[in-house]
Structures are given as C-alpha cells and as structure tokens.
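Structure, as structure tokens:
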Number of protein chains: 2
Amino acid sequence: MKLSEGVEWGLHCALLLAEAPAGVPLPRRVLAEHYGLPEAYLAKHLQALTRAGLLHATPGPSGGFRLARPAGEITVLDVLDAIEGPASPFVCQEIRQQGTGAARPEECTRPCAIASVMVRAHQAWRESLRAVTLDQLVNRVPQALRKRNRAKLGTDAPS
Amino acid sequence: MKLSEGVEWGLHCALLLAEAPAGVPLPRRVLAEHYGLPEAYLAKHLQALTRAGLLHATPGPSGGFRLARPAGEITVLDVLDAIEGPASPFVCQEIRQQGTGAARPEECTRPCAIASVMVRAHQAWRESLRAVTLDQLVNRVPQALRKRNRAKLGTDAPS
DNA sequence: CAAGTCGTGGATACTATACATCCACGTTAG
DNA sequence: CTAACGTGGATGTATAGTATCCACGACTTG
C-alpha cells in the first residue's frame, strides 16, 4: 500500500498558496520550481485540485492558481480526496462466495465482517485528516520560512 | 492507494483457522480451494503469517497451518502488518528542502507538518484495526456457515 | 527405511498503476 | 495580435503486486 507522491505535492502546493499573499495567483511554473517538481506532471495534480473546487485557475499572462476558499475551510482530507480519490484502500473481492467453501447468497445479506472492519478503519483515517485545515498547517511552518516565502512569492509590493 | 489482495486472503484464512476445530492443521491446498485462490501464491502470504508468528506450520503428511495463538490474541492489525508491512502509506519525500524555495536545515528540526498529520492518521487507522481480534470476527460469521465450515474441515470426527 | 505429502525459498514472467513527458488547443492580459 | 498560461489527450517508462514453477528439506505413514 503506497500513497502516490502527488498527494504530498498537492498538499505542499495548497499550503504554499495558503501562505502566499491573498489575491495573487501563482503559475504552475513557480509552484514546480519552488519545490523542484516536474512541472508537466504537477499540472495534472493541480488540475485535479481545480476540478474538485479547491483551487481556482486563472488563464492568460499573470494567471495561475489560488485557493478557491479560505484556508480555514480546506481540510487535508479535501486535498487527498481530490488527488487520490475517496475510495478505501481495501476493496472486498467477496472471496467468501468463491471456492468449495462458498457462502450461500442468503448468508451474505450482511456485509463481510472483514470488509466492515476495514471500512471503519478507513473512516477513522479520514476523520483524522478531516480535522486539520490548511490554516492550521500554515501555523506550524517555521516563521522564518513563512516570511521568506511571502517575500519571494509576493512580487506585488503594497500598491 | 490500494491494499494488496493478499491482506484479504490472509484475513479470511486466519478467520477460517479460528473457526476450524482446534488442533487440526489445514494444508494450504485446503485453504486455497476453500476460497478459490491460487495455491502457489497464497503460500507466499501464509509464509509471511508464519514468519510473523501468527501461524504455526507443520511439515509432512497431515501437516498444514494452525493458529499459533488463541484467536482472541490475534488482531486484524497483526495480520495486516505481517502481509502488508507496518509502514505508513505516506512516505515524506521532504520536498520542502528541494527547489528554489528549499527550507534551510535549521528550519527542519521539527518534522514536516504535513508528514505529522499523515502519521497521526495512520495511527488512527492502525488503532482501529488493533481493536478487533479474530475471535470477534468469528462471532460475526453467520452461524449456519460456521457450522458448515466446521463440518467440512473437521475431518477428524470425535474419536 | 522408503515413499509420498507438505512447507520453504528462489527465480521468473505478467500486469496494473503510478510517474513522467509532449503537444495541440482555448483563453486572456498587455 | 502575441506571448503567457491552464486544459486535455496521447504516449512512454518504471515500480509494485500478481502469479507460476521448481528444487529442496522436513516429516509421517506404511
């Protein structure tokens, strides 16, 4: 079981957008270079975040990505669902109904006990991720780094 | 992110061993046919469960696998760790230290906030699985099926 | 003690998914 | 109009899971 790296990328990019000065969209080129990521592939994940309604994409020169909602209203789970999908890592193959020991249909009215356990565990995992917003993550970034990022990304000085 | 099917196989096999009459080892051939699984591949997973100390393997004719501990002392997490490994699905690539926006080493004394969140979620997942034993799972198998399995597997009638 | 049953471990091949890139297209600011 | 930027499709590569086979050692039965 392995989570795709795209999740880490999406999370860091969303976090960076939350750190950056408000209305300024960051082009994918800046995002990719900031973390040393392949720009073309990162674009796919940014698309997913946009489709999920977490980011807002502005085309054209001086375009780019910005958060579609306040950082306090975007959870880690939101980002994960957008990139990895909400499905459980465990997919029951119903092997209880196969082979010489196959359970009869009337014995399978209730979901397989094993599948139920895995579903509950998956829900616990999701709840844990739903409890954290981008806002809270920003506060855990070292202040020096946060200041440096704002300076680097906020090309638009106070007009 | 996808959990390997081997986990489901291992879980069902362990559950079946917990259902079966006590001291009778079940050969992998029986286990494979009971669920319609490829015997050679299932053997790999049974090996993993044996190495982890959950099953006890008896070589020779009339050999096979049995639980190494009472069913009440084996958790779903035990089986999962044995087959899938205990590692978190999220592996932090430390991209915060890469690219033009790289954080300085002195800013990385604390683990990345994103990685921390993922670790906590993984722990929540594991705790949920640790809370369930094979014993509890057996009780959720339909009684008719349980009886049928005992009859089918317990070739050794009361002597 | 001989033969057949069973688990062990290594080597090998296939397949699905994630990773990665490129290009043609539509949109927009200057 | 043109250059910058996001969109979406087509394509290729790499990694991990799935699956099989075979040689070997252990053990039980006859």
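Chain naming here is simple, since letters A, B, ... match the order of the sequence lines and numbering starts at 1 in each.
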Donor-acceptor check, side chain of B:Glu8 to backbone of A:Gln93, threshold 3.5 angstrom: yes or no? yes

Between NE2 of A:His34 and SG of A:Cys13, what distance do you get to the nearest 0.5 Å? 9.0 Å

Distance in angstrom units between B:Lys44 NZ and D:dG17 C1', rounded: 14 Å

What is the distance, to the nearest angstrom, from the CD atom on A:Glu5 to the P atom on C:dT17? 18 Å

For B:Ser128 and B:Ala124, indicate whether the former's side chain and the latter's backbone hold a donor-acceptor pair under 3.5 Å. no

Check nucleotides 5-7 of chain C against the protein and report each pair of N or O atoms closer than 3.5 Å, with its distance, or say if there are none.
unit_1: C:dT5; atom_1: O2; unit_2: B:Pro61; atom_2: N; d: 3.4
unit_1: C:dC6; atom_1: O4'; unit_2: B:Gly60; atom_2: O; d: 3.3
unit_1: C:dG7; atom_1: OP1; unit_2: B:Arg28; atom_2: N; d: 3.1

A:Lys2 atom NZ is separated from D:dT18 atom P, nearest whole Å, by 15 Å

Figure out the CG/C1' separation between A:Leu31 and D:dG6, and round it to whole Å. 13 Å

To the nearest Å, how far apart are A:Glu84 CD and C:dT17 P? 12 Å

Provide, to the nearest angstrom, the distance between the NE2 atom belonging to A:His45 and the C1' atom belonging to C:dT17. 12 Å

Take A:Leu42 and B:Leu46, find for each the nucleotide of DNA chain C with the closest heavy atom, and name the residue whose nucleotide sits nearer the 5' end. B:Leu46

Length of the CH2-C1' vector between A:Trp9 and C:dA18, whole Å: 10 Å

Of all heavy-atom pairs between A:Arg96 and A:Glu94, which one has the smallest distance, and what is that distance? NE-OE1, 2.7 Å

Distance-minimising heavy-atom pair for A:Ala20 and A:Leu26: CB-CD1, 4.3 Å

C:dC19 OP1/OP2 closer than 4.0 Å to side-chain N/O of A:Tyr41: yes

Nearest-angstrom distance from the residue atom CZ of A:Arg51 to C1' of D:dG6: 12 Å

Pair A:Glu39 + A:Arg28, salt bridge at N-O below 4.0 Å: yes

